[in-house]
Structures are given as C-alpha cells and as structure tokens.
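Here is the naming used below: chain letters follow the sequence lines, and residue numbers restart at 1 for every chain.
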Amino acid sequence: MNVAEKVQEALKAEIKAAVLKAGLAEEAEVPAVVLEVPKEKAHGDYSTNMAMQLARIAKKAPRAIADDIIAHFDSSKASIEKIEIAGPGFINFYMDNSYLTDLIPVVLREGDDYGRTNAGNNEKVQVEFVSANPTGDLHLGHARGASVGDSLCNILDKAGYDVTREYYINDAGNQINNLALSVEARYFQALGHDKEMPEDGYHGQDIVGIGQKLADEFGDKFVNMEEKERFNTFREYGLKYEMEKLKKDLEDFRVKFDVWYSETSLYQNGKIDEALAALREKGHIYEEDGAVWFRSTAFGDDKDRVLIKNDGSYTYLTPDLAYHKDKFDRGFEKVINVWGADHHGYIPRMKAAVEALGYNPDQLEVEIIQLVHLYKNGEKMKMSKRTGKAVTMRDLVEEVGLDAVRYFFAMRSSDTHMDFDLDLAVSESNENPVYYAQYAHARICSILRQGEEQDLTVNEQADLSPLKAEKEFELLKKIGDFPQAIAEAAEKRIPHRMTNYVQELSAAFHSFYNAEKVLDAENKPLSEARLALIQAVQVTLKNALQLIGVSAPEKM
RNA sequence: GCGCCUUUAGCUCAGCAGGAUAGAGCAACGGCCUUCUAAGCCGUCGGUCAGAGGUUCGAAUCCUCUAAGGCGCGCCA
C-alpha cells in the first residue's frame with residue numbers, strides 16, 4: 001500500500017469511527033465508506049456520501065448527520081487541513097497534501113514494479129485469446145482481440161493474479177483438410193496447371209504464397225505423388241507454415257503466449273473420449289438420428305447440441321469441451337476466454353458444458369470483443385473470406401504503426417462496435433492519443449538529459465519539501481492512483497481503464513510542465529526535488545504503457 | 001421470432017457496483033514559443049445522456065417497455 005492509499009484508508013477508518021462515536025448507527029449498520037475524488041476541485045481532495053447513506057438508518061436529514069460526523073471527527077488521524085459540508089450532505093475533505101511527496105522515493109525504489117499489488121491474491125487464471133484458425137492471415141478482429149487479451153493479461157499479472165496466456169490451435173477437423181486442399185490447388189496453379197480451388201477453400205494471399213514456395217522449392221515433385229500422401233504432405237506443410245507465420249505476426253505485435261494448445265493433442269491423448277465418458281456417466285448424453293447429443297438444455301442452453309455427427313466425426317464443440325475440461329483439471333480457478341462477437345451465441349453451450357462436467361459455470365468468463373469495421377475513403381471496406389480480400393493485422397501495423405494500433409484498440413471498451421477509419425488513423429497519426437502520452441515520456445527524458453549536462457541529477461536523498469505547487473500535488477495524486485487503477489482494470493476486466501489512466505497522468509504532467517520549470521541552476525534544491533518528481537512520473541508512465549503494449553520512447 | 005451488444009457535444013469515445021454544475025480528444029474560435037521538445041499549455045463555443053414509464057433523498061448509471069443500428073441463432077468452425 002502506498003502513501004496515498006494509506007491516507008485514504010486512514011480517512012475511511014476515521015469516518016467510520018466518527019459515525020460510531022456520534023451514535024448514528026450500530027457497527028453492523030454502517031455502510032462501507034465510499035471515498036471519492038470530486039470532479040470539482042472546489043469540492044476538496046476527497047469526499048464521502050456517508051451522511052446521505054445514513055439518512056434512512058439514522059432517520060435524520062443528511063446535512064445534520066454530516067454535522068454530527070464532523071463533530072466527532074479527529075482530523076489529526078489523517079492529513080486533513082479543512083472539512084466542509086456541501087450540497088445535499090457531502091462531506092468534503094481538504095488535505096494537507098505534503099504527505100504525497102513520500103510517494104516519490106517509493107516509486108523510484110520500486111521502479112518497474114511500481115503499481116504491482118496483490119489484489120488478485122495469486123488466483124490462478126487462464127486467459128485464452130486470439131486462437132484463430134491456422135488457415136489464413138490474422139485480420140482486424142484478431143488484432144483487437146490480441147490487443148485486449150494481451151493487455152488484460154499484463155494487467156492481471158501486475159494486479160497479483162497468476163496468469164497463463166494460452167492459444168488454442170485448431171489443427172484438427174475439416175478446416176485443416178480444406179487448408180491442405182487449398183495449398184494443393186495453389187501449388188498446381190503455381191506450376192501452371194489448371195486446378196480449381198476446393199469449395200470451402202481458403203483464398204488468402206498467404207496460401208497462394210505457400211503454393212508458390214512449394215513449386216519453387218520442389219518443382220513438380222508432388223505432381224505425380226500418390227494423392228493421399230500428397231494430401232498429408234501439404235496438410236503438414238501448410239499447418240507448419242501457417243503456425244510459424246502466426247507466431248511471428250503475434251510476436252511482432254508484442255504478444256507472447258505461455259501455452260500453444262493443440263486440438264490434435266486432445267485426440268491423441270484421449271482427452272476427448274475422457275470428456276465424453278464423463279458426460280455419458282452423468283447422463284447428459286443421448287443418441288438420436290444417428291448422432292450423439294449433449295442435453296445442454298438441462299443447463300440453460302436454447303437447444304441440445306450434437307457432439308458426434310452421424311458420419312462419426314466430432315462437431316467443433318466436442319474437442320473444445322474437452323479442452324475446457326482440461327483447463328479446470330489443470331487447476332485454473334478462473335478461465336477467461338476472449339472471443340469475437342460472432343461467437344457470442346456459443347457462450348450458453350460452453351457454460352452448459354462446463355456445468356455438466358461438474359464445474360461452476362461462473363469460473364468460465366467470456367469477454368466478447370465487438371466487431372471492427374474498417375473504413376477507407378469514407379466507405380466501409382468489404383471483408384470477404386471467400387475471395388481473401390481482407391486487411392490483415394500485418395497490413396494494419398505497417399500502415400498505422402504498432403504503438404498506435406495497440407493503443408487504439410486498447411483505448412476502447414471491448415463492447416463498443418468499432419469503426420476504424422484508416423485514412424484518419426494514417427493521415428492524422430500525429431493527433432492519435434498515443435503520441436500525447438509518449439510525448440510526455442520523451443519530454444521527461446529530455447529534461448533528465450539536460451539536467452545531467454547542468455550537473456542537476458536525480459538524487460534519491462533529495463529534500464522534497466520544496467514541492468508545494470498545486471500542479472505538483474495533482475501530479476503526485478495521479479502517481480498514487482496507479483496501483484488502484486490497475487486493480488480496478490483487472491477486477492473489472494477492462495483494459496481500457498488503463499488508457500484512461502495514461503491520458504490522465506500525461507495530462508497532469510503536460511500541465512505541470514507548462515506551469516513550472518524543472519531545471520533552475522539558481523535553485524538547486526527545487527530542481528532536485530522536481531527532478532525526482534518527474535522521474536517518478538517517468539517510471540509510472542512507462543509502466544502504464546507497458547501494460548498496454550505500447551513503447552515509451554526517450555526521444556520523439 | 002429469440003438472444004447478445006450499441007445509442008452521451010458536429011465527429012470518435014470515456015463516465016454505468018446510483019451522488020454535487022455529465023467529461024476528454026478531434027473539429028470551430030481566441031490567447032501562449034529570446035526560458036527544460038508548441039506532437040504541448042490556457043480559455044471560449046458546443047448536450048432533451050435515443051424515447052416513455054418506474055425504483056430512490058438523488059438516475060447517463062438500476063428495472064420495464066418502445067425505437068434505431070450491429071452481430072448471432074448449423075450434424076460450419
């Protein structure tokens with residue numbers, strides 16, 4: 001707990017104590033003390049609505065209750081300068097903010113770790129995200145999912161959860177057969193043969209590339225190969241190629257997974273049979289029309305679901321269900337799936353499956369990422385899987401820049417439908433909010449560099465009492481908010497809370513920068529105190545940007 | 001028809017475990033560079049929080065209904 005948090009806790013405790021001393025309510029009746037930072041500076045540094053909350057219990061007017069609370073309040077317990085009653089019964093606290101400077105040595109000492117808390121109690125959490133089929137390039141929607149998923153993981157980790165990042169590879173089933181056939185067709189085409197693409201083939205440019213590569217490397221070696229053998233060769237080659245490309249693209253996007261979980265492995269090590277047996281044993285399975293069904297309606301689903309089709313093969317649900325069983329068997333307390341909105345209809349059946357297997361369905365959380373539409377020249381771009389005409393994640397990064405893309409996706413709440421105007425993102429890239437934050441960081445670095453030339457450097461022992469300007473306290477308060485902002489983003493699973501924080505901290509810095517000068521050879525004590533302050537800002541800002549996968553440049 | 005998401009300033013969006021006069025960026029307008037990076041700062045303009053009911057001392061926020069838009073309702077993945 002940092003100084004700011006300690007003071008808030010002390011304040012809360014004293015408010016509660018005052019309520020009890022005033023005899024306004026019994027211990028058990030006192031609502032949790034809500035402390036908030038008023039939007040208006042004129043309303044103090046902190047305020048509480050306690051008097052209003054007690055109105056019914058104490059059967060008195062809120063303002064009268066507020067008077068009672070203040071009468072029994074011991075200001076010496078928390079750095080209070082002044083207390084006022086305002087509006088319908090708010091109690092506003094004006095703090096003696098000098099205690100805030102104690103934050104600085106803490107931030108400087110903790111460095112990269114500043115912001116870390118144990119809010120998550122080391123809970124074992126698994127986050128599955130992206131999990132795109134290895135049958136084509138990652139597109140816009142995957143980019144959003146990657147950005148949100150990775151940021152969420154970073155945040156959970158910093159907030160004290162034990163996080164595992166996982167990618168589920170759909171390397172079994174029909175789509176991979178289609179991949180093999182698509183590769184085959186492109187290979188023949190590359191050799192000049194007249195070969196049609198399979199009906200559900202993948203038309204992406206990447207597959208054309210694979211065909212060309214095979215033709216270049218191996219010539220007509222495969223043309224006369226036995227069909228089955230050729231199919232298997234292309235299947236394997238295509239899969240390997242696609243997976244390598246996928247990993248590379250994600251790494252370039254600053255996303256790394258702890259586990260790449262293969263669907264095929266579920267077949268090989270009997271996990272699917274195991275899951276089916278478990279369901280059968282519990283009586284959640286029946287046969288009809290030559291197929292095997294899961295009675296998911298018993299767990300709130302709209303209709304029962306087929307697990308084994310009448311041709312003997314599995315539906316998509318079956319291995320996925322086994323995969324989720326395995327997640328819980330591996331000891332994860334919370335399993336979070338980041339899915340595109342086009343899969344939201346899939347949630348009830350997966351929840352049903354989890355429950356039918358004997359787990360608490362609340363342990364499975366699904367974060368739905370709404371769809372992204374790309375606009376160019378004011379027109380919505382058509383994305384067609386069939387023709388392979390889609391803007392890839394790689395294209396987007398090349399055109400807009402990685403930091404901007406990461407920030408842009410992390411900035412918005414996951415459940416807003418998003419229109420990505422490419423022209424705007426490119427042409428006005430300088431006005432993208434990401435530069436606002438990065439610029440603040442670069443400015444700080446610049447001051448630190450110039451300070452060194454003037455023999456003014458950050459001294460951890462520096463006397464911080466010269467810091468007493470309002471802008472300085474505001475900046476310090478923002479720095480102090482960081483751990484709580486992370487905890488909130490983690491608990492509510494809202495990475496975009498972090499970009500809000502980044503904006504607020506950057507704004508507080510820019511405002512300070514324009515109001516006060518850091519380097520002043522004539523006033524070394526003040527310069528040293530301010531250098532320590534801005535270094536604390538630098539550390540905090542860098543850590544915050546790191547959480548959302550955005551770099552903190554030293555120069556711009 | 002059913003389910004999920006969205007509707008807040010001209011535009012893009014925050015705010016939604018109820019709190020004071022609803023915020024930010026862009027756009028528009030007016031100021032600030034002989035002083036640490038003007039990719040910045042300060043100010044002005046701009047709102048029936050889609051609409052109607054309800055709960056509450058208090059609703060953008062919670063509940064119900066309506067409207068508009070998006071997505072989904074396969075023995076596809």
Subject >> Sugar-phosphate or base contact per nucleotide [nucleotides 5-14 of chain B; S, B, -; heavy atom under 4.0 Å] >> reply: BS-----SSS
Subject >> nucleotides 38-43 of chain B: protein proximity per nucleotide (B base, S sugar-phosphate only, - neither; heavy atom, under 4.0 Å) >> reply: SBBSS-
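When heavy atoms are screened at a 4.0 angstrom cut-off, A:Glu453 is found touching no nucleic acid atom at all. Counting any heavy atom pair closer than 4.0 Å across all strands shown, A:Leu371 reaches sugar-phosphate atoms only and no base atom. The residue A:Asp342 sits close only to the backbone: its heavy atoms come under 4.0 Å of sugar-phosphate atoms, none of a base. Using a 4.0 Å heavy-atom cutoff across all strands shown, A:Ala86 reaches at least one base atom of the nucleic acid. A:Lys303 comes within contact range of the sugar-phosphate backbone alone, with a heavy-atom separation under 4.0 Å but no base atom that close. Across all strands shown, A:Asp301 has no heavy atoms under 4.0 Å from either base or sugar-phosphate atoms.
Annotation for A:Lys309: atom NZ counts as buried by contact number, over 12 foreign heavy atoms lying within 6.0 Å. The number of heavy-atom neighbours closer than 6.0 Å to CG of A:Asp455, taken from other residues, nucleotides and ligands shown, is 12 or below.
Between A:Trp293 atom CH2 and B:rG74 atom P there is a gap of 10 Å when expressed in whole angstrom units. Atom CG of A:Asn310 and atom C1' of B:rG74 are 13 Å apart (whole Å). In this structure, the NE2 atom of A:His142 is 16 Å from the P atom of B:rA77, given to the nearest Å.
In this structure, B:rA50 and B:rU66 make a Watson-Crick or G-U wobble pair, each of the two defining distances being under 3.5 angstrom. In this structure B:rG3 sits in a base pair with B:rC71, meeting the Watson-Crick or G-U test at under 3.5 Å. Remark: B:rC45 base-pairs with no nucleotide in the shown strands. Criterion, Watson-Crick or G-U wobble with two distances under 3.5 Å. Taking a pair to require two hydrogen-bonding distances under 3.5 Å in either a Watson-Crick or a G-U wobble arrangement, B:rA24 pairs with B:rU12.
A donor-acceptor contact under 3.5 Å is not formed by the side chain of A:Thr315 with the base of B:rA77. Side-chain atoms of A:Asn178 stay outside donor-acceptor range of the base of B:rA77, with no qualifying N/O pair under 3.5 Å. A donor-acceptor contact under 3.5 Å is not formed by the side chain of A:His373 with the base of B:rG70.
Base orientation of B:rC33: syn, since the glycosidic angle falls within 90° of 0.
Rounded to whole Å, the separation between the P atoms of B:rU61 and B:rG54 comes to 14 Å. Distance noted for atom C1' between B:rG15 and B:rG25: 15 Å (whole Å).
A side-chain N or O of A:Tyr94 and one of A:Glu84 form a donor-acceptor pair less than 3.5 Å apart. Side-chain atoms of A:His324 and A:Asn337 form a donor-acceptor pair, as typed in the model, at a separation below 3.5 Å. Side-chain polar atoms of A:Thr392 and A:Asp137 form no donor-acceptor pair below 3.5 angstrom. A donor atom on one side chain and an acceptor atom on the other are not found under 3.5 Å apart for A:Tyr501 and A:Glu488.
Using a 5.5 Å limit on the distance between ring centres and a 30° limit on the angle between planes, the aromatic ring of A:Phe90 does not count as stacked on the six-membered base ring of B:rG19.
A salt bridge links A:Glu242 and A:Lys245; the closest N-O separation between the charged side-chain nitrogens and carboxylate oxygens is under 4.0 Å.
The side chain of A:Lys309 contributes no N or O atom lying less than 4.0 Å from OP1 or OP2 of B:rG74.
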